[in-house]
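Worksheet: the structure to be examined is printed underneath.
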Amino acid sequence: MKGDKVEIVVDAGDTTRTYEVAATRAGRRVETAVRRGVVEVSEVTRSGRAVRTARFMANRVVALVEQPLPGEPLGDDPQEG
């Protein structure tokens with residue numbers, strides 16, 4: 001969904017660097033995959049075509065933070081039926 005984003009914190013030797021991949025248009029989403037020691041974060045269209053992709057070595061990734069659209073219900077609300 002537009003507004004969803006993933007922040008990737010990477011070890012850069014003596015410091016850490018933060019990168020962000022976000023769904024920039026309506027109908028797009030952010031997908032995360034870990035394959036063969038590589039973390040891949042992609043912005044994907046409705047049809048499944050990757051628009052933008054960021055790849056990082058898995059042993060350098062310190063944190064992967066997925067942030068949903070602000071104000072979106074999380075589904076764990078005890079008040080729901």
Min side-chain heavy-atom separation [X]-[Y] under 4.5 Å:
{"X": "Arg28", "Y": "Thr24", "value": "yes"}
{"X": "Thr53", "Y": "Glu40", "value": "yes"}
{"X": "Val39", "Y": "Leu64", "value": "yes"}
{"X": "Val38", "Y": "Met57", "value": "no"}
{"X": "Val61", "Y": "Ile8", "value": "yes"}
{"X": "Thr32", "Y": "Val6", "value": "yes"}

side-chain contact (heavy atoms from CB on, under 4.5 Å) evaluation trace for Val30 with Val41: CA-CA 7 Å; Val30 179; Val41 182; 3.7 Å; yes
In one Ile/Leu/Val/Met/Phe/Trp/Tyr side-chain cluster, 4.5 Å: Val65, Val34: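 Val65 does not cluster with Val34.
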Val44-Tyr19 co-clustered via ILVMFWY side chain contacts under 4.5 Å: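 In one cluster with Val44: Tyr19, no.
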To check you understand the geometry: which heavy-atom pair defines the closest contact between [X] and [Y], and what is its length?
{"X": "Val21", "Y": "Glu43", "result": "CG1-N, 4.2 Å"}
{"X": "Ala22", "Y": "Lys5", "result": "CB-CB, 3.8 Å"}
{"X": "Asp11", "Y": "Gly13", "result": "OD1-N, 3.2 Å"}

Interatomic distance, Arg55 atom CZ to Ser42 atom OG [nearest 0.5 angstrom]: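 Answer for the CZ-OG pair, Arg55 versus Ser42, is 7.0 Å.
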